[in-house]
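Naming: A, B, ... by sequence-line order, numbering from 1 per chain. These numbers come from a predicted model, not from an experiment.
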Amino acid sequence: MPELPEVETIRRELAPSLTGRKILGARISRPDIVGWPRSGECGVRNAECELKRLITGQRIRQLERRGKYLILRLSRGDSPGRLLVIHLRLSGQLLVVPTSTGKLRFERIRFLLSGRRSLVFIEPRVLGRVYLVEEGNLPPVLKGLQNLGLEPIHPRFNARYLQNKVQHRSARIKALLLDQGIAAGVGNIYSDEALFRAGIRPLRRARRITNQEYGRLARALRSVLQDGIRHMGTTMADARYRRPDNRPGEFQKRLMVFDREDSPCKVCGTTIRSCRIGNRKSRYCPKCQT
DNA sequence: CTTGTGTCCTGTAGGC
DNA sequence: TGCCTACAGGACACAA
């Protein structure tokens, strides 16, 4: 669920309540959520205990984000800093609650913090992960983080960058936009929205897209992600994305195509259609997009 | 290297 | 009401 605008909103709203706090311990209800350390894979017998041991006493210095990864920079005294890397995948949610709060529905991990607050990782589908790693020594399970492409909100993300990455390729443009090594942080919602803004159908082959269209697409990706951040992310009716204080985002009101199949296009009134690319649904306006 | 497909895991919505 | 199936914002392994 959470794409770049959602994770960035979470980062911004989490920062004031987490920065400077000390981690006093962790409660792990679902060990599958721990992506690193893994039992048996790093000379550790019990990864769960190892995570608790390594994290306890660390202080949260800074919150960062790369693509859809949220990164908590930790330190303990003058020992080398560790990173707590969190990926929310489809249904993950991070909430800050008073430590006295009882166990929440779908609560998988709780980090107990100083100041009687806790950071709770809610994850109904158990696909999300947390990783405790050393900076500059990322485990193989985090190669996705290592291989991220430029973010569309980065100053150097432009038509030339995008064309270099995909223009020679025969795959559908939509599938390539979901590739994190090409455009970090873009997911199903914002790729559909960007293609609408650029007037390009999701099924178009990357090599058939013109220079002018790549210009529009690069700008559309940038603007749609910036707008998503400005409106604090997209909370669909049945969806789980929530900000850390449990409030919803507001970008859903502005969606032009995502989750709007069979509804009229807000620009021309044509019925929004959907198609399938790989295993994922894509929506587009057959008149506004060519 | 590229592309398309299946899988992970669980909850929920909708059909019958 | 109850059972069953299809589907869900992501990422990765794998086969061709």
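Between the C1' atom of B/dT12 and the CG atom of A/Leu90 lies a distance of 14 Å, rounded to the nearest Å. Look at CG on A/Asp259: it is 9 Å from P on C/dG9, rounded to the nearest Å. Distance CZ (A/Arg283) to P (C/dC7): 12 Å, rounded to an integer number of Å. Protein atom CD of A/Gln93 is 15 Å distant from nucleotide atom C1' of B/dT10, rounded to whole Å. Atom-to-atom, CG of A/Leu88 to C1' of C/dA11 comes out at 13 Å; the value is rounded to the nearest Å. Rounded to a whole Å, the CD1 atom of A/Ile33 is 14 Å from the C1' atom of C/dG10. Atom CE in A/Met236 sits roughly 17 Å away from atom P in B/dT12 (whole-Å rounding). Atom pair A/Trp36:CH2 and C/dA11:C1' shows a separation of 18 Å (rounding to whole Å applied).
Using a 4.0 Å cutoff on non-hydrogen atoms, the parts of residues 163-190 of chain A near DNA chain B are A/His168, A/Arg169, A/Ser170, A/Ala171, ordered by number. For DNA chain C, the neighbouring residues in residues 141-154 of chain A, judged by any heavy atom under 4.0 Å, are A/Lys143, A/Gly144. Looking at residues 122-140 of chain A, you'll see A/Pro124, A/Arg125, A/Val126, A/Leu127 sit with a heavy atom under 4.0 Å from some atom of DNA chain B.
The side chain to side chain contact (heavy atoms under 4.5 Å, CB included) test with A/Arg172 is passed by exactly one of A/Arg205, A/Arg204, A/Arg201: A/Arg205.
A close approach under 4.0 Å does occur between a side-chain nitrogen or oxygen of A/Lys68 and OP1 or OP2 of C/dA11. For C/dG10, the OP1/OP2 oxygens have no side-chain nitrogen or oxygen of A/His87 closer than 4.0 Å. Note on A/Arg280: every side-chain N or O is 4.0 Å or more away from OP1 and OP2 of C/dC7.
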Name every donor-acceptor pair, under 3.5 Å, that has one atom in a side chain of residues 153-160 of chain A and the other anywhere in the protein, sequence neighbours excluded.
unit_1	atom_1	unit_2	atom_2	d
A/His154	ND1	A/Arg156	N	2.9
A/Asn158	OD1	A/Arg160	N	3.1
A/Asn158	OD1	A/Tyr161	N	2.9

Could you give the side-chain donor-acceptor pairs of residues 261-268 of chain A under 3.5 Å, partners two or more places apart or in another chain?
unit_1	atom_1	unit_2	atom_2	d
A/Glu261	OE1	A/Arg283	NE	3.0
A/Glu261	OE2	A/Lys281	NZ	3.1
A/Ser263	OG	A/Arg260	O	3.4
A/Lys266	NZ	A/Lys253	O	3.2
A/Lys266	NZ	A/Leu255	O	2.7

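Each of B/dT12, C/dA8, B/dT10 was ranked by its minimum atom distance to the side chain of A/Arg276; first place goes to C/dA8.
Atom name C1', nucleotides B/dT3 and C/dG9: the rounded distance is 23 Å, in whole Å. Nucleotides B/dC9 and C/dC3 place their P atoms 24 Å apart, quoted to the nearest Å.
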- Item | Nucleotide-level pairing of DNA chain C, given in dot-bracket where Watson-Crick and G-U pairs need both distances under 3.5 Å and | marks other strands | .|||||||.|||||||

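A/Thr99 pairs by the side chain to side chain contact (heavy atoms under 4.5 Å, CB included) definition with A/Leu112, A/Ser118, not counting sequence neighbours. Residues meeting the side chain to side chain contact (heavy atoms under 4.5 Å, CB included) test with A/Thr56, sequence neighbours left out: none. Every residue two or more places apart in sequence or in another chain that forms a side chain to side chain contact (heavy atoms under 4.5 Å, CB included) with A/Leu54 is listed here: A/Glu50, A/Arg82, A/Leu132. Annotation: salt bridge (charged side-chain N to carboxylate O under 4.0 Å, His left out) contacts of A/Arg230 (sequence neighbours excluded): A/Asp227.
Not one N or O on the side chain of A/Arg222 forms a donor-acceptor pair closer than 3.5 Å with the backbone of A/Val224.
In terms of position along DNA chain B, the nucleotide closest to A/Arg89 lies nearer the 5' end than the nucleotide closest to the other residue of the pair A/Arg89 and A/Arg240.
Residues A/Val85 and A/Val130 fail the side-chain proximity criterion, which asks for heavy atoms closer than 4.5 Å.
Among the protein residues, A/Asn279 comes within range of the nucleic acid bases, having at least one heavy atom under 4.0 Å from a base atom. Using a 4.0 Å heavy-atom cutoff across all strands shown, A/Tyr241 reaches no nucleic acid atom at all. As judged by a 4.0 angstrom heavy-atom cut-off over every strand, A/Arg108 is placed among residues making no nucleic acid contact.
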What nitrogen or oxygen pairs link the protein and nucleotides 14-16 of chain C at under 3.5 Å?
none

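If you take OG on A/Ser274 and CG on A/Asp259, they are separated by 10.5 Å, rounding to the nearest 0.5 Å. Atom-to-atom distance recorded for A/Arg117:CZ and A/Leu18:CG is 10.5 Å, nearest 0.5 angstrom. In this structure, CD in A/Gln58 is found 12.5 Å from CG in A/Leu24, a value given to the nearest 0.5 Å.
Pairs of residues two or more places apart, or lying in two chains, that qualify as side-chain hydrogen bond (donor to acceptor under 3.5 Å, both in side chains) and include a residue from residues 129-149 of chain A are A/Arg73-A/Glu135.
Shown here for A/Val120 and A/Glu107, the closest heavy-atom pair between the two residues is CG1-CG, 3.5 Å.
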- Query: Going through the distances and angles, do A/Arg243 and A/Met232 end up as a side chain to side chain contact (heavy atoms under 4.5 Å, CB included)?
  - Reply: CA-CA 8 Å; A/Arg243 291 146 65 193; A/Met232 296 158 295; 3.3 Å; yes

- Item | Derivation and outcome, side chain to side chain donor-acceptor pair (under 3.5 Å), residues A/Ser75 and A/Arg61 | CA-CA 7 Å; A/Ser75 72; A/Arg61 296 294 177 193; 2.5 Å; yes

- Message: Go through it in stages, so that I can follow the logic: the residues are A/Phe111 and A/Ile55, the test is side chain to side chain contact (heavy atoms under 4.5 Å, CB included), and I'd like the CA-CA distance, side-chain angles, deciding distance and then a yes or no.
- Response: CA-CA 9 Å; A/Phe111 297 101; A/Ile55 207 168; 3.6 Å; yes

